[in-house]
Amino acid sequence: MIGITSYGAYIPWHRLDRQEFLKAWGGFAIPGERSVAYFDEDSVTMAVEAAIDCLKDQDPQKIDGLYFATTTSPYKEKQCSPLISMPLNLRRDIRTADITSSMRAGATAVSLALDTIKSGTANSVLVTVSDSRIGGPGGMTEQSLGDGAAALLLGKDNVIAEIQESYCVSDELAATWRAASDTFVRSWEDRMTMDEGYSKIVPEVINGLLQKCGLITKDLDKVVFDPPGDARRHGKVAAALGFDPAQLQDPFGFFMNIGMTGCAMAPMMLVAALEDAKPGDKLLFASHGNGAEAFLLQVTDAIEKLGPRRGMKHHLASKKMLNNYQSYLRWRELVPIEAARRPEKQHIRLSAIWRERKTILGLWGVKCRKCGTPQYDNGAMSTSPIRVCAQCQSQDDFDDYCFAGRKAKIFSYTHDQLAPVDDPPASVVLVEFEGGGRAFFDLTDREPDKIQVGTEVEMTFRKLQFDRGLTNYFWKARPIRIKEA
């Protein structure tokens, strides 16, 4: 049996009421709100968050592959999946791949992971899907898009949803695209995008899968497929296929609260369906984009044994509303702002980052073998590795110690109103980790006036600096966002 063994999701903390677009540009505002990645978030960091949620009670050392699907990779020429593997503490001898350039990249990644496991090349593959697309300011696309990520772990053991069959079609149609030189998403007129594209290709792939499996629409308990730019078309296609509204994983709730999350939309909807699934349920999962892919899933008894996840429900409930559209423009670097009157930042030190990649990207420190004291040296910011225990002064007698999944409390903090950050003030904290160890980190996803000594925080993987085409990633602290999970 091969199928999904775990799932996770991530939605940024910040949301923007679509009325703010109306205030900025006039015209018409779509009802609801959309998710907005913070200035230190991108497709990579959101994929890491979703994967951490997915691997909450899983052994990362048993994962044999990592596939990263996105249309908004920070690089045109550099693989991101090996980078994502570092904060997840995956093995070095795994298969990695980036799947890009299509709205169905997430479904394609699932298909490739399934084939990889079937071939015997791997026993388990982690699929991460993340997108942070940008629409041109003042347009309806800008309002309708959203940011988010999902992660699915596929394998042979403890399968919660068996993937029983799949079906795929290919189609060449320039409906939505973005050239290498484009910043914003482009789309053709609805007559072609919707009538000749979505409204024909989605029924074709779903009918093809049903016919292949010898099923009819009434045999399915839940149907998951992503909507196009106009979410109303989803309902029309579902009705034309003969699905009852109760069978649908309704995209309108997601659209009203987070927007269209690109190639992550269908996988995020699948995560939501799995959160409510019961043993024996039959699920259909499909995604479109220059063709379409569809899968038939059968939920097993193992789903009742899977531990809690933050998933879609908890992330949807945890949010902070932005109070102005200008913050969105600034975070997406769509408007220039006055440079801070400070010395320029030093260039990214590639050799130091490579040398200390385990410490920087994995947040690995050391633990004294004699007295058990954990220590962290902030990676490349330190001039030399830790060689002496701060507690007992023993030398070169340490075990590796990971701080990434550990909670902490703020020991001291400062807010700098003059620092060059996109959301001032710059908040820096000295945190004391649960189990021991202290270190300095930037504080993100915070409300400055609510920060105090003793505030509980958790570690999150974020962007730190962009320099000469390279993005420097590191860990930051944030107030614990979701305490229920």
Side-chain angles (χ1 to χ4, degrees), residues 6-20 30-38 40-41 45-57 128-132 143-152 222 224 226-227 231 248-262 264-278 303 306-323 327-328 331 405 407 423 443-447 449-451 455-462 476-485:
S6 183
Y7 60 80
Y10 177 73
I11 303 172
W13 188 45
H14 294 90
R15 313 290 163 77
L16 183 61
D17 192 309
R18 294 190 176 106
Q19 288 296 319
E20 296 298 330
I30 303 172
E33 59 198 45
R34 57 155 293 177
S35 58
V36 177
Y38 203 27
D40 58 1
E41 293 186 293
T45 66
M46 292 192 296
V48 170
E49 288 277 1
I52 290 174
D53 189 35
C54 179
L55 301 181
K56 184 175 181 180
D57 49 13
T128 59
V129 192
S130 178
D131 248 341
S132 180
Q143 296 187 41
S144 64
L145 298 181
D147 307 323
L152 300 169
K222 188 64 68 174
V224 180
D226 47 351
L248 302 179
Q249 185 63 47
D250 182 15
F252 289 98
F254 295 154
F255 176 75
M256 294 295 290
N257 289 281
I258 59 176
M260 302 293 186
T261 55
M265 188 70 178
M268 291 173 75
M269 292 171 64
L270 177 59
V271 169
L274 290 172
E275 287 177 325
D276 294 326
K278 303 182 297 298
I303 199 166
L306 188 69
R309 300 290 190 270
R310 293 185 173 183
M312 292 294 292
K313 289 183 178 179
H314 288 297
H315 279 115
L316 280 169
S318 171
K319 65 180 180 180
K320 181 186 184 221
M321 299 302 298
L322 288 174
N323 56 17
S327 292
Y328 165 81
W331 296 355
K407 295 179 181 179
D423 186 24
L443 187 67
T444 190
D445 285 359
R446 81 287 179 260
E447 296 177 278
D449 59 342
K450 294 184 179 180
I451 299 303
T455 298
E456 293 183 338
V457 296
E458 59 190 356
M459 304 311 296
T460 178
F461 193 71
R462 297 295 175 100
K476 295 184 180 182
R478 71 169 170 215
I480 294 179
R481 178 175 173 185
I482 300 169
K483 296 185 178 181
E484 295 87 350

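Worth knowing before you read on, the calculation uses all heavy atoms, side chains too, and leaves out hydrogens, waters and symmetry mates. Because the structure is predicted, anything quoted here is derived from the model rather than measured.
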Notebook entry, point to check: Of Met312, His315, Arg34, which meets side chain to side chain contact (heavy atoms under 4.5 Å, CB included) against Ile258?
Noted result: Met312

Notebook entry, point to check: If you round to the nearest 0.5 Å, how far is CD of Glu49 from OG1 of Thr128?
Noted result: 12.5 Å

Item checked: Side-chain touch Leu274/Gln249, heavy atoms, less than 4.5 angstrom -> no

Checklist line | Non-neighbouring partners of Lys278 that pass salt bridge (Lys or Arg N to Asp or Glu O under 4.0 Å), sequence neighbours left out | finding: Asp281

Checklist line | Exercise: identify the closest heavy-atom pair between Val271 and Gly311 | finding: CG1-CA, 4.4 Å

Note to self: Minimum heavy-atom separation for Ile303 and Ala277, please, with both atom names.
What the structure shows: CD1-CB, 3.9 Å

Next item on the list: Work out which heavy atom in Pro227 is nearest to a heavy atom in Met265; give both atom names and the distance.
Entry: CD-CG, 4.0 Å

Next item on the list: List the steps, then state whether side chain to side chain contact (heavy atoms under 4.5 Å, CB included) holds for Phe461 with Ile52.
Entry: CA-CA 10 Å; Phe461 193 71; Ile52 290 174; 5.7 Å; no

Notebook entry, point to check: Looking at side-chain heavy atoms only, is the closest gap between Ile11 and Lys319 below 4.5 Å?
Noted result: no

Notebook entry, point to check: Is the shortest heavy-atom distance from the side chain of Tyr10 to the side chain of Val48 under 4.5 Å?
Noted result: no

Margin query: To the closest 0.5 Å, what do you measure between OH (Tyr7) and NZ (Lys56)?
Written below: 10.5 Å

Next item on the list: Using modelled atom types only, decide if a donor and an acceptor are shared between the side chain of Arg309 and the backbone of Gly307 within a distance under 3.5 Å.
Entry: yes

Next item on the list: Run through Lys407, Arg481, Arg478 and flag the one making a salt bridge (charged side-chain N to carboxylate O under 4.0 Å, His left out) with Glu458.
Entry: Arg478

Notebook entry, point to check: Taking all non-hydrogen atoms of both residues, which atom of Ala150 and which atom of Ala50 are closest, and how far apart?
Noted result: C-CB, 3.7 Å

Margin query: Rounded at 0.5 Å granularity, tell me how far CD1 in Ile482 sits from NE2 in His314.
Written below: 7.0 Å

Next item on the list: Report the distance from atom CG of Asp423 to atom OH of Tyr38, rounding to the nearest 0.5 Å.
Entry: 3.5 Å

Notebook entry, point to check: Does a side-chain heavy-atom distance below 4.5 Å link Ile451 with Pro479?
Noted result: yes

Checklist line | Minimum side-chain heavy-atom gap Asp131-Thr261 below 4.5 Å | finding: no

Margin query: Is any side-chain heavy atom of Asp147 closer than 4.5 Å to one of Met46?
Written below: yes

Check: Out of curiosity, Ser6 OG to Asp53 CG, how far, rounded to the nearest 0.5 Å?
Finding: 8.0 Å

Check: Do any N or O atoms from the side chain of Arg15 and from the backbone of Met321 form a donor-acceptor pair under 3.5 angstrom?
Finding: no

Checklist line | Lys222 versus Ala273, closest heavy-atom pair with distance | finding: CG-CB, 4.0 Å

Next item on the list: Heavy atoms only: give me the nearest Ala264-Ala149 pair and the separation to one decimal.
Entry: CB-CA, 4.2 Å

Next item on the list: Measure the acute angle between the ring planes of His14 and Trp331, then classify it against the limits of 30° and 60° as parallel, tilted or perpendicular.
Entry: perpendicular

Item checked: Between CE on residue Met269 and CG on residue Asp226, distance to nearest 0.5 Å -> 7.0 Å

Item checked: salt bridge (Lys or Arg N to Asp or Glu O under 4.0 Å) involving Arg462 - partner list, sequence neighbours excluded -> Asp40, Glu41, Asp445

